[in-house]
Amino acid sequence: MSLLRVEGLGKSFGGNRAVDGIAFSLERGELLALIGPNGAGKSTTFDMVNGQLRADSGSIVFDGVELIGRKPRDIWRRGVGRTFQIAETFASLTVVENVQMALLSADAKLYSFLSRAADHRRDDALALLEQVGMKAQADRPSSVLAYGDVKRVELAIAMANAPKLLLMDEPTAGMAPKERNELMALTKRLVVERGMAVLFTEHSMDVVFAHADRMIVLARGRLIAEGRPLDVRDDPQVQAVYFGSGRTFEKAKAGVAS
């Protein structure tokens, strides 16, 4: 059984059908890219899987459990993690304390003001930082980190609840080409090691073609193509949606499809 199965998913805002009956599945150990031009419905789809928006129709079954109607906190506790397009950490805390805060939340202890982040599961936090290559900077203030390192810390934070599924919204936004490929290679390694799955949106086609196992393409709320990246790349409808006639992914420079 697929880890995530989406069927007939729909969402409207007023008269605008943002997501129109899409269906896809995601397997354990798989990186699935969700791409499409601006306004295609990618973020709306993400927000419905995450519980931030409630679908008008359809089904989202994760690990055998229907997610529609559940709150984001409940979905997170069931093993769905998320990173965001603009990475943020608590600037007043050290790198390791940021991860410890996430572990506090995973252990349902944020309600207690007597629990200080610095006292909570430091060894576990360091182990997560080691997995993302940030252990050496554990005691540095988060405020002094380079943006690429903030993204790595965000990934460690997202792993604090041991997710089975990780949703990554534009994970390489704002990063240099070398940094973004390193981050996605790291993500792929974690997927393999942990046996989890990743659903990610991405505008940089070099990242998608280099790291995604499969991809799905949305346009105006509808799914127009799915399959392996090289197959989808050559789909005439996908080419038309992104570039119109006369241009192809081969001819486009990385990052043009935004």
Side-chain angles (χ1 to χ4, degrees), residues 1-6 9 22-36 40-52 60-65 67 72 75-87 99 102 106 128-129 131-134 148 150-175 179-218 223 225-230 232:
M1 183 176 65
S2 298
L3 179 64
L4 179 70
R5 188 174 72 255
V6 173
L9 193 64
I22 67 172
F24 63 91
S25 62
L26 179 57
E27 309 299 326
R28 291 169 176 82
E30 183 178 37
L31 265 77
L32 178 62
L34 172 60
I35 72 167
K42 303 186 300 296
S43 294
T44 302
T45 299
F46 251 53
D47 288 342
M48 286 190 286
V49 175
N50 189 227
Q52 292 179 302
I60 304 170
V61 176
F62 168 69
D63 204 17
V65 175
L67 295 187
I75 293 173
W76 183 74
R77 288 199 180 281
R78 288 180 179 275
V80 179
R82 182 167 181 177
T83 67
F84 293 86
Q85 182 174 350
I86 300 175
V99 181
L128 287 169
L129 288 172
Q131 289 186 52
V132 301
M134 288 295 293
V150 172
K151 285 281 194 177
R152 287 175 176 265
V153 174
E154 184 193 34
L155 182 56
I157 290 170
M159 303 296 291
N161 69 326
K164 302 172 188 175
L165 169 64
L166 182 59
L167 307 175
M168 303 181 76
D169 190 4
E170 297 287 347
T172 69
M175 301 178 75
E179 286 181 320
R180 62 185 184 229
N181 280 293
E182 287 176 348
L183 180 69
M184 292 310 295
L186 168 61
T187 302
K188 179 65 175 180
R189 178 173 61 79
L190 292 174
V191 165
V192 172
E193 289 177 355
R194 290 172 170 255
M196 66 178 189
V198 171
L199 175 65
F200 71 102
T201 64
E202 184 58 63
H203 279 173
S204 298
M205 291 299 100
D206 58 330
V207 169
V208 172
F209 292 133
H211 301 287
D213 297 308
R214 287 190 302 122
M215 57 195 292
I216 54 179
V217 186
L218 299 184
L223 194 152
E226 63 178 313
R228 296 189 178 277
L230 293 181
V232 172

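The shown structure was predicted, so the numbers you read here are calculated from the model rather than taken from an experiment.
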**Prompt:** Any chance CZ of Arg228 has more than 12 other-residue heavy atoms, nucleotides or ligands included, within less than 6.0 Å?
**Reply:** no
**Asked** So, the side chain of Arg194 versus the backbone of Ala162: is there a donor-acceptor pair under 3.5 Å, distance only?
**Response** no
**Request:** Taking all non-hydrogen atoms of both residues into account, name the closest pair between Val6 and Ile22 and its distance.
**Result:** CG1-O, 3.9 Å
**Item:** Heavy-atom check, side chain of Leu9 versus side chain of Met48, under 4.5 Å
**Value:** yes
**Message:** How long is the straight-line distance from NE2 of His203 back to OG1 of Thr172, given to the nearest 0.5 Å?
**Reply:** 10.0 Å
**Asked** Rounded to the nearest 0.5 Å, how far apart are OG1 of Thr83 and CD of Glu154?
**Response** 4.5 Å
**Spacing of Leu4 atom CG and Leu199 atom CG [to the nearest 0.5 Å]** = 7.0 Å
**Message:** If you apply the rule side-chain contact (heavy atoms from CB on, under 4.5 Å), what do you find for Leu186 with Val132, and how did you get there?
**Reply:** CA-CA 7 Å; Leu186 168 61; Val132 301; 3.9 Å; yes
**Prompt:** Any side-chain heavy atom of Leu166 sitting closer than 4.5 Å to one from Phe200?
**Reply:** no
**Intermediate values then yes/no, side-chain contact (heavy atoms from CB on, under 4.5 Å), Leu34 and Phe24** = CA-CA 10 Å; Leu34 172 60; Phe24 63 91; 5.8 Å; no
**Asked** Are the side chains of Arg180 and Asp206 in touch, meaning some heavy atoms are under 4.5 Å apart?
**Response** yes
**Interatomic spacing from CZ in Phe46 to CD in Gln52 - rounded to 0.5 Å** = 11.0 Å
**Request:** Looking only at non-hydrogen atoms, find the nearest pair between Pro229 and Met215 and report the distance.
**Result:** CA-SD, 3.3 Å
**Fill in**
Correct closest heavy-atom pair for Ala156 and Val99 would be CB-CG2, 4.1 Å
**CG on Leu165 to CD1 on Ile75, rounded to 0.5 Å** = 10.5 Å
**Asked** Has the side chain of Thr201 got a donor or acceptor atom that lies under 3.5 Å from a matching backbone atom of Glu170?
**Response** yes
**Asked** Backbone N or O of Arg214 within a donor-acceptor pair of the Glu30 side chain at under 3.5 Å?
**Response** no
**Request:** Determine, for Arg78 against Asp63, whether the closest basic-nitrogen to carboxylate-oxygen distance falls under 4.0 angstrom.
**Result:** no
**Leu32 vs Glu226 side-chain heavy atoms within contact, under 4.5 Å** = no
**Request:** Run the numbers on Lys188 and Asp213 for salt bridge (charged side-chain N to carboxylate O under 4.0 Å, His left out), then give the verdict.
**Result:** CA-CA 10 Å; Lys188 179 65 175 180; Asp213 297 308; 2.9 Å; yes
**Item:** Residue pair Pro163 / Asn161, side-chain heavy-atom distance below 4.5 Å
**Value:** yes
**Asked** Are side-chain heavy atoms of Val80 and Leu167 found at a separation under 4.5 Å?
**Response** yes
**Asked** Taking it one step at a time, do Val208 and Met184 satisfy side-chain contact (heavy atoms from CB on, under 4.5 Å)?
**Response** CA-CA 9 Å; Val208 172; Met184 292 310 295; over 6 Å; no
**Separation between CG of Asn50 and CZ of Phe84, rounded to the nearest 0.5 Å** = 6.0 Å
**Message:** On a heavy-atom basis, which atom in Lys42 and which in Gly36 lie closest, and how many Å separate them?
**Reply:** NZ-O, 2.9 Å
**Request:** Identify the two heavy atoms, one from Leu3 and one from Lys164, that lie closest to each other, and give their separation to 0.1 Å.
**Result:** CD2-O, 3.3 Å
**Request:** Decide yes or no for Leu190 and Met196: does some side-chain heavy atom of the first lie under 4.5 Å from some side-chain heavy atom of the second?
**Result:** yes
**Message:** Restricting to non-hydrogen atoms, name the atom on Val232 and the atom on Gly227 that form the minimum distance, rounded to 0.1 Å.
**Reply:** CG2-N, 3.5 Å
**Message:** Quick check: do Leu183 and Glu179 have side-chain heavy atoms less than 4.5 Å from each other?
**Reply:** no
